[in-house]
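Every chain is numbered from 1, with letters handed out A, B, ... down the list of sequences.
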Amino acid sequence: MSTVAHVNPLRDQRDPRLPRMAGPSALVLFGVTGDLARKKLLPAVYDLANRGLLPPGFGLVGFARRDWAAEHFAELVAESVRTHARTEFREDVWKQLLEGIRFVPGELHDNESFERLKRTLTDLDESQGTGGNHAFYLSVPPSAFDMTVAQLRRHGLADRPKGSWRRVVIEKPFGHDLASARELEKKLAKAFAPASIFRIDHYLGKETVQNLLAFRFANTMFEPIWNRTYIDHVQITMAEDIGIAGRAGYYDGIGAARDVIQNHLLQLLALTAMEEPASFGADNLSAEKRKVLAAARTPADFDLHTARGQYATGWAGGVEVPGYLEEQGIPADSRTDTYAAIRVDIDNRRWAGVPFYLRTGKRLPRRVTEVALNLRRAPHLPFNGTDVRALGNNALVLRIQPDEGITLRFGAKVPATPMELRDVNMDFGYGTSFAESSPEAYERLLLDVLLGSEPLFPQPEEVELSWEILDPVLDHWAALDTPPERYASGTWGPQSAFDMLARDGFTWRRA
Amino acid sequence: MIVNLTNTNAAGVQQALGRARHHVGAASGLVFTLVVLAELSEYDEALAACVEAGREHPSRILLLTNGRARADRLDASIRAGEDSPGEIIALKFHGALQHHRESVVLPLLLPDLPVICWWPGRSPKAPGMDPIGRLADRRITDAMGDPDPIAALEVRARNYCEGDTDLTWTRLTRWRGLLAAALDAYPMDVTRVGLSASPTNAAGTLLAAWLSHRLDVPVAVDRGKPGVGITGVVLGSETDEIRVMRTDGNLAEFSAPGLPSRLVALPRRDVNTLLAEELRRLDDDPIYAEAMASVVRRIDRAVSRGRGRPE
């Protein structure tokens, strides 16, 4: 353990095969009945245990407003593991986990509930040897963050006894603008030390996003073209085919830009555009991300280079679906954006003059996340005009999900023609070159929380810089008299989004 | 698709493979060539392990067996796009061809990419000197596939050469992880180690060697306790003990100073899983080399003290 000077003779830097197993600890899940907990977090805990990465006696505590007995909760966990875990269900692994599973029925505002939680954790420390190491995962609506953190503090759950740790994990959104993000930070900082606060952007836990670092910094052949000399413009897309799917309460008033651009897309932009970090340690990595985010600038005229939209009734993938305003729980006059696109320019030597276009939306034709770097056209093409009519620009596409991989698009001669050129794709598929079943992002991130490893978590300064980029756009949109432009469900977004690229002489990739 | 060829050669196999690929769509993204050297009797099991390994690591897999035909002949069966993303080429050598297998293997290795050899059963005394073994970057043997696993482990230890590994070592990954994590959490100056394992279990020998090398303390091995595989490890200091006891080969009891014992899943894993894990890292493994050197030292010391072969 980092706090002890004792050197473990069984560990050796030259022994990467020796697994990194979490130390004695307990994970407390607030909002354990929610979708995230059932579909992602609980299965990830089981998968970690099945991979032998959780210690004997690991504690798993559910906290929720339900009048359940411990056995009932254990059944719920088993059920969610059986349905959603990545690895097979094994009786022996389950027995190990079951020993440390506890349930605390309670309300966030109720002091007695937190006293019960405290007693449960003390009991776990004694009976399971969790050693006072507790991670609190706040899988609750952002409006409940404050209350939960304040309660943890009031009941002494945030104070770590000597030689142990207390950590808190929060999910986006980290505030709804710069001011509220700072406010949230302040409240967290009152209870927890900066290094004990883990902000989850689950994209950063994805293998493909980590591979972005490997791709850029382990190879020699891409770095020479990774700049304004060769790159024409960059498109970063996160498209969803679903609507708000029962999350009206969370989504309305937040919208696509806050929900996705502020975190996932700006993080992807930072990793794509940043300089090489001195190391992949949290400080060095974050330093480079901060530099590039600080150099990012939104366009001078928001009307020309941003777009927002709201999905209308339409046919999506062969199914007739309601428009946003017809969704249950959405006010008929809602102006929430379900599609958002912005242009961002990066003022540095590497990227001057290369626009980055970020877009995200719901009810688009398919689910896809990718970073597409479009290269400039060759300065001279020694062919007849008709030969190259079908030839586009070279492109390098980092496919984040699904079908994770990398596509390289270049021109090739069509066989049996005198000289006819056409675009072809060269594909690297993660799924075909590596494990059919890669660990889920939440497995990696939960393990990192328990190990206290920070590099894959956004630092507060990055969160603030992202709001600084987005706030002026959101303010501009809020001041407009008009509602967001409607787009038919199952299409690639509003006309204004196409127009905004056309103005610069580009078109969106059909991702 | 599956293509069967009788009385063929390396060029014939390549041609058929090209056609098969065209038929099922190009197999791109293969990461290495895995050469499996099996006995005829192990064919089915080895093929199943190949399919499984090919799923995690799409690769070209050459499955080599010796057939019983009198003629000097090569038969081949090519599976592409069947049950795993890679290609599996089963090669059966007959007659005098059995002494020139490398001449067929060499042209069928994927360009540039690493080559791994795997002997699921018996393996040569010095895999690194084997005509096919020397083509490989990594050589995977399995002492447990030998009738006398502990003796087989000793032979491998004495003939160790860079790039060798044995699945006995992979079997220990979870044990090693658990013991290392135990010392992270409950730091103590270990002065003695006790280990128990079933009589023919080679993993116990290797774990004892690793622990004695890393901790520089005597490790006593008890072969008399009931149970399968490794049945327990005790790390002891002057005053305290960390104990891991596993009698059913599945679920272990873990206890540390001042704490009640708790359960931890420590399942024995099948060969397919072990192979897939081993193939995740293709770099040299100096820690394994040191543990194998320690196996040799421990045996030599016991012999020179006149106690005969230990365990």
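Inspection of the B:Asp240 and B:Ser237 side chains reveals no N or O donor paired with an N or O acceptor under 3.5 Å. Judged by distance alone, the side chains of B:Thr173 and B:Glu277 do bring a donor and an acceptor atom under 3.5 Å apart. With no hydrogens or angles considered, no side-chain donor-acceptor pair links B:Trp118 and B:Asp142 at under 3.5 Å. Looking at A:Asn50 and A:Thr87, their side chains do bring a donor and an acceptor atom within 3.5 Å of each other.
Both the backbone and the side chain of A:Gln128 come within contact range of chain B, each with at least one heavy atom under 4.5 Å from a heavy atom of that chain. At a 4.5 Å heavy-atom cutoff, B:Asp216 makes no contact with chain A through either its backbone or its side chain. Looking at B:Leu179, the atoms closer than 4.5 Å to chain A (heavy atoms on both sides) sit in the backbone and in the side chain alike. In this structure, the portion of A:Asn8 lying under 4.5 Å from any heavy atom of chain B is its side chain and not its backbone. With a threshold of 4.5 angstrom between heavy atoms, A:Glu91 does not approach chain B through any atom at all. Contacts of B:Tyr186 with chain A are made by side-chain atoms alone, with heavy-atom separations under 4.5 Å and no backbone atom involved. For a residue to count as touching a neighbouring chain, one of its non-hydrogen atoms must lie under 4.5 Å from one of that chain's; by this rule A:Arg90 touches chain B with the side chain only.
In this structure, the side chains of A:Val28 and A:Leu121 come closer than 4.5 Å at one or more pairs of heavy atoms.
For the options B:Thr170, B:Leu259, B:Leu183, heavy-atom pairs under 4.5 Å to chain A are most numerous at B:Leu183. Most heavy-atom pairs under 4.5 Å with chain A, from the set B:Arg281, B:Arg174, B:Arg262: that is B:Arg262.
With B:Asp284 contributing its side chain and B:Glu162 its backbone, the two residues share no donor-acceptor pair below 3.5 Å.
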